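I have placed the structure first, in the form of structure tokens, so that the comments after it can refer back to it.
These numbers were taken from a predicted model, which means no experiment stands behind them.
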Amino acid sequence: MMKISISQDADRLTTYLASRKDPIICDIETTSLTIGKGRILCIGFAPLRSKQVIVWIPKTDADIAKLRLSRGVFHNAHFDLRWLRHYGATVDCTWDTMLMAHLLDENAKVGLKNLGMRLLGYSDWTLGEISHLTRVNDALCQYVAKDVYVTRELMRYQQRQLKRHQPPGGSAEWVMTNIMIPAIRPLTQMEDNRLPIRMDRLSVVSAEITEQLQAIDHTLDASIPPREQWPDYLQKSTPKWGNTNWTRWWLFDHMGAPIVSRGKSSKHWPEGSPSLSQSALAKLTHPAAKLLRDRSTLHKLHTGFIVPLRDRSVDGRIPTSFRLTGTVTGRLSSASPAPDNPGINAQQIPRDPQIRTLFGDPTDLWIEADYSQLELRVAAVLANEPTMQRLFQEGVDIHTYIAQRLTGEKEVTKTQRTLAKGVNFGFLYGMQSKHFANYLQENYGLIISPTEAEEFRREYFRTFNRLPEWYRDQRRFAINHGCVVNAFGRVRHLPKVYSPDFWVQENAFRQAINSPVQSTGSDLMLVSLARLSGDLRLRRFGAKLITTVHDSVCLTAPRKHARKVAQIVKSTMEKADDLCETKFQLKADVTVSRFWGGDPLATY
């Protein structure tokens, strides 16, 4: 049973917290998800080695600033720490039950109520919307008390699980303590700094994309045949370009484009509705398909980025949010922060220069640091592939090297290097040749024959002949333990390796290969971000973390310090593997420019 104490006495609370030697579970209740648009109503505390639960109702913001919590336990510390530190509280996190839940089972939901009901057997204690509350009532006190009580029980459960279930090489607590919790601070800094937008440039690009869309629509509209040529089921419709039956009939029946893939059967397409996806259109050389593909790309840029940047920016900046538990591989995910604070998904900002060049600070320079061929470097070491490791040791560009092997030529073209890049990333994770041709066309716009795809695959594994053995090792480990482990001890649980369905099982085996590589790369990035956020030199130089996209990080810094900042960033990222026994010959390419994707002013 819970022993609940409700208090408003800040001095008494702080004295009590200081007297405790055990970790203190903490949870806040706010009237909004967004700082500045709501306030903290109450805070729950529950010492780990006690049955007591305290619900504290702060009288003033100054009372919150008095809080001192050196061994805090949270469920989603990213949220709670951001609010508490905003009010001036001195709080640190030593355990996050949400992060640990993700590390113990990344395939399951990690919400507190879901965990409490699924793992601990509690009934749902959901409280209705509290955003309308202006004062704390008894129901809210009971609610926050239950939150910290369940969080305490969940932490105890997790500690027991760690003692019972750790595969060889697995170290969930180490990953949480040394990688994930330290990553909270840089993610919060980026969220607070927001992405700066070049508003003048935004207006220009918006007009350009609108004009391009209008030109394509004009061309498409001119190709519409007389209504008497339309089929009966379209007679009452209006031509509408996009993923519509009208577009399907126009492209595949009227214009005669071949059908390369189909979806579910429908009344008008009993053999399966022809796909209008970007990947399907990319396989078509028909000029009508190219028009639709270009229109789709421009439409997504306009609705997905141009409009949100225009409508959601405040003072020339747009918010984003990051999640450490959003993907099964450990990669960061991003999203618009909240309904009352809309923004963009920073992880989906495309490489298209029309979009990337929209980001830049009006006074500071832009610094982008990108790990060079990170996944290949990680795979080379995890697989102990000697040729790959030698190439990286000698500083050879691995894409150029493979292009030379494929073509037999010493000098290779840009297209040939692009082909080699597709070969490296396509076959690295064991892709079969029959899928490679589609992968190459969809991702790199290159077309090859099935015979060429098979020859490229043979040459790739002749060159890197240790990879197949590593694949077998990973498959064996996954079968024996139901999971695989990355270089830092992060576990990827793969229960589907035991599936009776061959294709489901094969997909799990592919994940046994790519997950350790991708998650190791992601963890290296998190280590770098944590170190950059705490580097006092960067703070002294006025540098700000802005965003991260997969293997890269972007900062801004005053012009007079930007080059020094770039060198610090490069050095920091290239030393990120010093936390693990394995060394990956990391290389970071750093560019200083006036805006994202701008002409380089300096490179390192």
Ser528/Tyr371 under side-chain hydrogen bond (donor to acceptor under 3.5 Å, both in side chains): CA gap, chis, key distance, verdict:
CA-CA 11 Å; Ser528 296; Tyr371 273 123; 2.8 Å; yes
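- Within a 6.0 Å sphere centred on CZ of Arg462, other residues, nucleotides and ligands contribute more than 12 heavy atoms.
- A side-chain donor from one of Ser334 and Thr320 sits under 3.5 Å from a side-chain acceptor of the other.
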Pair Ile181-Leu99, side chain to side chain contact (heavy atoms under 4.5 Å, CB included): steps then yes or no
CA-CA 8 Å; Ile181 289 176; Leu99 297 182; 4.0 Å; yes
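- Within 6.0 Å of atom CZ in Arg295, more than 12 heavy atoms from other residues, nucleotides or ligands are found, so the atom counts as buried in its surroundings.
- Panel note: side chain Arg417, backbone Ala403; no donor-acceptor pair is recorded below 3.5 Å.
- In this structure, Arg262 contributes its side chain and Gly272 its backbone to a donor-acceptor pair below 3.5 Å.
- Using modelled atom types, one finds a donor on one side chain and an acceptor on the other under 3.5 Å when comparing Ser519 with Asn486.
- More than 12 heavy atoms of other shown residues, nucleotides or ligands fall within 6.0 angstrom of atom NZ in Lys583.
- No more than 12 heavy atoms of other residues, nucleotides or ligands lie within 6.0 Å of NZ in Lys575, so this atom counts as exposed by the packing criterion.
- Between Arg472 and Glu469, none of the side-chain N atoms (NZ, or NE/NH1/NH2) sits under 4.0 Å from a carboxylate O, so this pair counts as no salt bridge.
- For the pair Ser223 (side chain) and Leu220 (backbone), a donor-acceptor distance under 3.5 Å is present.
- Under 3.5 Å, the side chains of Asn107 and Arg492 contain a donor-acceptor pair of N or O atoms.
- Taking 4.0 Å as the cut-off between side-chain N and carboxylate O, Glu574 and Lys587 do not count as a salt-bridged pair.
- Taking the side chain as every heavy atom from C-beta outward, Leu103 and Thr325 never approach each other to under 4.5 Å.
- The main-chain N or O of Val590 is never found under 3.5 Å from a side-chain atom of Lys570 such that the two would form a donor-acceptor pair.
- Every residue meeting the ring pair (Phe, Tyr, Trp, His ring centres under 6.0 Å) condition with Trp366, not counting sequence neighbours, appears here in chain and number order: Trp596.
- Heavy-atom neighbours of Gln348 CD from other residues, nucleotides or ligands within 6.0 Å: at or below the threshold of 12.
- Here the CD atom belonging to Gln212 is positioned 9.0 Å from the CG atom belonging to Asp294, to the nearest 0.5 angstrom.
- Counted by atom type alone, Gln585 and Asp577 present zero donor-acceptor pairs between their side chains at under 3.5 Å.
- Side-chain contact between Met190 and Leu195: absent, with no pair of heavy atoms (C-beta onward) separated by less than 4.5 Å.
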Would Thr297 and Gln278 count as a side-chain hydrogen bond (donor to acceptor under 3.5 Å, both in side chains) here? Give the steps.
CA-CA 8 Å; Thr297 299; Gln278 282 287 77; 2.9 Å; yes
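- The minimum heavy-atom distance between Ala562 and Leu365, with the atom names listed, is CB-CD1, 3.8 Å.
- For the pair Ser593 (side chain) and Asp599 (backbone), a donor-acceptor distance under 3.5 Å is absent.
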Checking side chain to side chain contact (heavy atoms under 4.5 Å, CB included) for the pair Ile184/Phe322: CA distance, chi angles, key distance, verdict?
CA-CA 9 Å; Ile184 290 172; Phe322 296 96; over 6 Å; no
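- Within the 4.5 Å cutoff, side-chain heavy atoms of Val175 are placed close to those of Met180.
- The backbone N or O of Gln189 sits less than 3.5 Å from a side-chain atom of Asn193, completing a donor-acceptor pair.
- The pair Lys496-Glu506 does not meet the salt-bridge criterion, since no charged nitrogen lies less than 4.0 angstrom from a carboxylate oxygen.
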Take Phe477 and Val485 through the test side chain to side chain contact (heavy atoms under 4.5 Å, CB included) and record every step on the way to the result.
CA-CA 9 Å; Phe477 190 99; Val485 183; 4.2 Å; yes
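- Qualifying ring pair (Phe, Tyr, Trp, His ring centres under 6.0 Å) partners for Phe456, counting only residues two or more places apart in sequence or in other chains: none.
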Donor-acceptor list for residues 420-432 side chains, cut-off 3.5 Å, not counting sequence neighbours:
{"unit_1": "Asn424", "atom_1": "ND2", "unit_2": "His399", "atom_2": "ND1", "d": "2.9"}
{"unit_1": "Asn424", "atom_1": "ND2", "unit_2": "Ala420", "atom_2": "O", "d": "3.4"}
{"unit_1": "Tyr429", "atom_1": "OH", "unit_2": "Glu375", "atom_2": "OE1", "d": "2.3"}

Dump the intermediate steps for side chain to side chain contact (heavy atoms under 4.5 Å, CB included) on Ile318 and Phe305, then the final yes or no.
CA-CA 11 Å; Ile318 191 162; Phe305 291 96; over 6 Å; no
Please determine whether side-chain hydrogen bond (donor to acceptor under 3.5 Å, both in side chains) holds for the pair His78 and Glu191, giving the CA-CA distance in whole Å, both sets of side-chain angles, and the decisive distance to 0.1 Å.
CA-CA 11 Å; His78 188 175; Glu191 290 168 346; 2.9 Å; yes
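- Defined by atom type and a distance below 3.5 Å, a donor-acceptor pair is missing between the side-chain atoms of Ser449 and Thr451.
- Dense packing is recorded around NE2 of His286, with more than 12 heavy atoms of other residues, nucleotides or ligands lying under 6.0 Å away.
- Counting non-hydrogen atoms of neighbouring residues, nucleotides and ligands closer than 6.0 angstrom, the CD atom of Glu394 exceeds 12 such neighbours.
- Taking a cutoff of 4.0 Å between a charged side-chain nitrogen and a carboxylate oxygen, Arg457 and Glu454 do not qualify as a salt bridge.
- A side-chain N or O of Thr244 and one of Thr247 form a donor-acceptor pair less than 3.5 Å apart.
- Taking the ring axis of Phe595 as reference, the NZ or CZ atom of Arg198 stays within 45° of it and closer than 6.0 Å to the ring centre.
- The aromatic rings of Phe464 and Tyr460 lie perpendicular to each other, with more than 60° between the two planes, well past the 30° mark.
- In this structure, Ala512 and Gln474 approach most closely via the heavy-atom pair O-NE2, 2.8 Å.
- Separation of atoms CG (Asp370) and CG (Asp551) is listed at 6.5 Å; rounding is to 0.5 Å.
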Can Ser277 and Ser275 be said to form a side-chain hydrogen bond (donor to acceptor under 3.5 Å, both in side chains), step by step?
CA-CA 6 Å; Ser277 67; Ser275 175; 3.1 Å; yes
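- Relative to the ring axis of Phe584, Arg377 does not place its NZ or CZ within 45° and under 6.0 Å from the centre.
- Heavy-atom neighbours of Gln393 CD from other residues, nucleotides or ligands within 6.0 Å: above the threshold of 12.
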